[in-house]
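Reading through the structure tokens given below for one structure.
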There are 2 protein chains.
Amino acid sequence: MTKPSSDNLDLEALGRDLKMSDTGQARTKETRNRIIEGAESLFAHRSYSTVSMREITAEAGVGLAAVNYHFGSKEGLFKAVFLRRARDLNRERAQLLEAADKRANGGVVPLREVLTALLRPGIRWSFDTGGRGLFIQFLTRSRLDHSSPLHEIFYNDVGHLRRFIPYFLRVLPELGEDEILWRLHFTLGALHYTITDLKRLERISEGLCDISQFEPTLERIVSFAEAGFRTAAPVRWAAGDP
Amino acid sequence: MTKPSSDNLDLEALGRDLKMSDTGQARTKETRNRIIEGAESLFAHRSYSTVSMREITAEAGVGLAAVNYHFGSKEGLFKAVFLRRARDLNRERAQLLEAADKRANGGVVPLREVLTALLRPGIRWSFDTGGRGLFIQFLTRSRLDHSSPLHEIFYNDVGHLRRFIPYFLRVLPELGEDEILWRLHFTLGALHYTITDLKRLERISEGLCDISQFEPTLERIVSFAEAGFRTAAPVRWAAGDP
DNA sequence: CCAAAATTCGTACGACCGTTCCAATATTTC
DNA sequence: GAAATATTGGAACGGTCGTACGAATTTTGG
């Protein structure tokens, strides 16, 4: 009757949840995973509140009560779907940034490499046909859904962004930090819109734009963002200027 | 018992709906508007499925059945909220573009003016404290909500975008149409992300970025997009090049 | 001013929601 | 192998949802 809980929400809680069943219940983890995967697939296409637990459990082929047993509640399941992959995504970004840092060998990391480290993992995952592609859809959709239990998390999940800011400041020293943040904001907009709405581009362009290939898409968005970052800062009207 | 309907969804149906009550029922239009405004305000902050009709009618100070009487269903009300302002927004964009065209006097409209015509109305509205600000939030939120009855509309509402493409092609003749569309896509991403998540920028920047002023925000996003549009096109690997 | 139509209001209905309980079954532990 | 525990499956609960209905009330039109 005692239920495994997943109330904690910091990313580190994932590890605890995973080793929760290290005594070897093969069937238990099987059920858990089937539920998570069914939920991920459904949440990828529709919002939190419109996906019912009956749909999820039917998709996973388990009983209705299994969700509450394994995850405590629908909200707990949602968080579990998030936690399973979120760490990996941010870790990939951090690793790319670190690698670029090593390559620079103490020098300044080129702007294009900073942007690539930021944008590549999300774009890459969104091109996956498997679970990671679904997860990216799940993530970008839920970010804007104020009814989702993760809304606060997303708003506060700024740590992995802050890690990039020193790199931008170093490679674009003529820009102030506020200007960097504005442009980072626009860049993330292009990223998220591209991920969630690539199909719309295909429709608008009537097949003219090839959205099927990963590398050219990444190149395009990186080029766009790089140019945006390199443009001159707007004049400030604060001080007494001619 | 005969109910006014609003089943039709093309933008032109708005006019008919508005003059539906031109025989002078002051009270009727009052109720209709109160419901629409209450719904607009609630849909601006939360998704379609999480806002109940009981909340809407309570907010508007009318009976529960009033919605079904005036709009047929919850979905009909949602469409009415959309229709009331959507035409105005696209018309504003078209007018700005036309004005820039006149100013160019037969010549090429500068890129910056094309982008301003595209971006200004949305940003402008989103800074409104009244209903138009709420509407912009409603619009950008619902666009990504696949459970919303308007999802198909948004996907097909590409007419007002197509109008801009010839202007981009003329001012950037070295770019192909596909490349234009990619960059237009990224630009819309920056726009929508800015509109929906300006609060997040404020949080990330810890107050460093001033998000309270309209003109500087517009200038920033236009500059960012302009630079992105002006960057060189990626090399094509198709033809036999050195 | 009066019949007719339009509109408002309170209420009830059937459907679906997330959750809970409990018996049945599988698994672990000694 | 038996006792204890973990997991599953079915049924039911209270609650909320969008909608429909009928009576009361207001407004319209002659």
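Chain naming here is simple, since letters A, B, ... match the order of the sequence lines and numbering starts at 1 in each. Predicted model only: the values in this text are computed from it and were never measured.
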Have a look at A:A66 and say if it touches a base, only the backbone sugar-phosphate, or nothing, with a 4.0 Å heavy-atom cut-off.
nothing

Please give, in whole Å, the distance from [N] [atom2] to [X] [atom1]?
X     : N      : atom1 : atom2 : result
A:L77 : C:dG18 : CG    : C1'   : 12 Å
B:F71 : D:dG18 : CZ    : P     : 15 Å
A:R32 : D:dT8  : CZ    : P     : 11 Å
A:K74 : C:dT19 : NZ    : P     : 8 Å
A:L64 : C:dG18 : CG    : P     : 9 Å

For C:dA6, does either OP1 or OP2 sit under 4.0 Å from a side-chain N or O belonging to B:H70?
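B:H70 to C:dA6 OP1/OP2: no side-chain N or O under 4.0 Å.
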
With a 4.0 Å cutoff (strictly under), does any side-chain N or O of B:T31 reach OP1 or OP2 of C:dT7?
no

Between D:dA11, C:dT7, D:dA20, which one does the side chain of B:Y69 approach most closely?
C:dT7

Which one, D:dC21, D:dG9, D:dT19, comes nearest to the side chain of B:N68?
D:dT19

Taking the six-membered ring for Trp and the single ring otherwise, decide whether the centroids of A:F78 and A:F138 are under 6.0 Å apart.
yes

I'd like to know if the side chain of A:R34 reaches the main chain of A:A60, judged simply by a donor and an acceptor atom lying under 3.5 Å from each other, with no hydrogens or angles considered.
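Present.
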
Does A:I204 offer a backbone N or O that forms a donor-acceptor pair with the side chain of B:R162 under 3.5 Å?
yes

Near DNA chain C, which residues from residues 40-57 of chain B have a heavy atom under 4.0 Å away?
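Hits under 4.0 Å, by residue number: B:R54.
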
Judged by nearest nucleotide, the residue sitting upstream toward the 5' end of DNA chain D, B:S73 or A:G63, is A:G63

How about A:T217 and A:F127: do any of their side-chain heavy atoms sit closer than 4.5 Å?
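Counting from C-beta outward, A:T217 and A:F127 do come under 4.5 Å.
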
Using every non-hydrogen atom in the two residues, find where A:L89 and A:W125 come nearest and quote the distance to one decimal.
N-CH2, 3.7 Å

For residues 185-193 of chain A, dump all side-chain donor-acceptor pairs below 3.5 Å to protein atoms at least two apart in sequence or in another chain.
{"unit_1": "A:T187", "atom_1": "OG1", "unit_2": "A:R183", "atom_2": "O", "d": "2.8"}
{"unit_1": "A:H192", "atom_1": "ND1", "unit_2": "A:L188", "atom_2": "O", "d": "3.4"}
{"unit_1": "A:Y193", "atom_1": "OH", "unit_2": "A:R200", "atom_2": "NH1", "d": "3.0"}

Verdict with reasoning, B:R132 to B:E92, per salt bridge (Lys or Arg N to Asp or Glu O under 4.0 Å)
CA-CA 13 Å; B:R132 297 200 302 191; B:E92 270 193 33; 3.5 Å; yes

